[in-house]
Amino acid sequence: MNFNVLTIFPEMFVPFWEHGIVKKAIDRNLISVSTINIRDFAKGKHRVTDDRPYGGGSGMVVKPEPLANAIRAAKKTSPSLRTILLTPQGCSFSQKKARELAAEKGLILVCGRYEGVDERICHDFVDDEISIGDYVLTGGELASMIIIDAVVRLIPGALGNADSADNDSFSDSLLAHAQYTRPRTFEGEEVPEVLLSGNHQQIEEWRFEESLIRTFLKRQDLLKERLLSEREIEILKKWCRDIEKIIHAQSVFGSDTLSGNK
Ligand code: 6GU
C-alpha cells in the first residue's frame, strides 16, 4: 500500500517512518511512503502557501493553486488513489474507517491547516474528509500519522503475530480483554487464576466475558449500537442476576446490618 502525504512540514514525518511497525512495514515492502512539500508548488520568491480569507476574519487559508498542483503531482504517479483531506470538519475516524482504508491500494493524505483550505479544493480534488476527533489541531500532520498508524497495522504481515489485529479493541465493537504478563504477582496483585490454568476453553470464556463487561463499564455507547449475540445476552443476564442478588440481600437484612453501620 502506498501512502503519499501532502504537507508543508514533510520533516515531521521523517521520525514517524523510522520507528516501530511503520518502519517494519516499509522494510518488508508492505507499504511505500512519500511526502510532497506543498510549498514546492507555490509561486514567487517566498513560495507562499496561505492567504487572507475573502470576506475578512482572522487566520489564513491554504491557497488553492499550490495545493491543487501538489495533488495533481501525487495523482500523476498513482492516478486512482483515494484523496483524503484531514480536517476537523471531516467524518470521524474509527476502526471501521481504518479497515475500509486498509483495503485501498494507497492514499493521498492532504494535511490542511487549522483555519482551513480553500473550499474549491474540497469540491474538486478530494474524495473524503476525515477528522480524528472533536477538537482542533494546528494542522493535519498528526492526524495523518494517526490514520497511517491505524491502517498500517491492519495490513496482513505488518504485525508480528498474524492474528493480533483480530483481538483488537473495536474489532468487534467491543473493548479488548485485560492482559497480563510476568511476574505472576506484581506489588501484591495476582494474575487471574484462570489464565494460569492452561485450559484454553475456560480462558477464552473468561476473556469473552471480561471484554463484554469491560465494554459495558467503560463504553456503554459501543454496546448500544451493537446487535448482541445470545451468548452476550446470557452473560449480561448473569451479571444482572448477580447484582440483583446483592441488592436483594440488602433489602432482606438491611444495608446497615450488612455493612456494620449504626
Ligand atoms: Cl484531521 N485536522 C485538524 N487541523 N484538526 C483536527 C483534525 C484534523 N481532526 C481533529 N481535529
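Indexing begins at 1, ligand by ligand and atom by atom, following the structure's order. Here, residue 1 is the first one in the sequence, and each next residue gets the next number.
Neither the backbone nor the side chain of Asp134 has a heavy atom within less than 4.0 Å of ligand 1. At a heavy-atom cutoff of 4.0 Å, ligand 1 is contacted by the side chain of Ala143 but not by its backbone.
Close contacts between ligand 1 and Leu86 involve ligand atoms 1 (Cl) [criterion: under 4.0 Å to a heavy atom]. Every atom of ligand 1 is numbered from 1 in the order shown, and the set under 4.0 Å from a heavy atom of Ile132 is 9 (N), 10 (C). Residue Ile130 approaches ligand 1 through these ligand atoms, each under 4.0 Å from one of its heavy atoms: 1 (Cl).
Counting heavy atoms from C-beta outward, Cys111 and Phe9 have side chains that stay 4.5 Å or more apart.
Closest heavy-atom approach to atom 4 (N) of ligand 1 among the candidates Ile146, Thr138, Leu137: Leu137.
The pair Glu209-Arg231 fails the salt-bridge criterion, with no side-chain N (NZ, NE, NH1 or NH2) lying under 4.0 Å from an Asp/Glu carboxylate O. Salt bridge status for Asp128 with Lys97: present, with a side-chain N to carboxylate O gap under 4.0 Å. Lys224 and Asp221 are not joined by a salt bridge, as no carboxylate oxygen comes within less than 4.0 angstrom of a charged side-chain nitrogen.
Protein heavy atom closest to atom 10 (C) of ligand 1, with residue, atom name and distance, is Gly133 O, 3.0 Å. Considering only non-hydrogen protein atoms, atom 11 (N) of ligand 1 sits nearest to Tyr135 O, 2.5 Å. If you check which protein heavy atom lies closest to atom 1 (Cl) of ligand 1, you get Thr87 N, 3.2 Å. With hydrogens left out, the protein atom closest to atom 3 (C) of ligand 1 is Pro88 CD, 3.4 Å, a heavy atom.
By the 4.0 Å heavy-atom criterion, Gly139 is counted among the residues contacting ligand 1.
Side-chain polar atoms of Thr7 and Glu141 form a donor-acceptor pair below 3.5 angstrom.
Residue-environment remark: CD (Glu11) exceeds the threshold of 12 foreign heavy atoms within 6.0 Å. Other residues, nucleotides and ligands contribute only 12 or fewer heavy atoms inside 6.0 Å of the CD atom of Gln89.
For the side chain to side chain contact (heavy atoms under 4.5 Å, CB included) test with Val126, the passing option among Thr87, Leu85, Ile108 is Leu85; the others fail.
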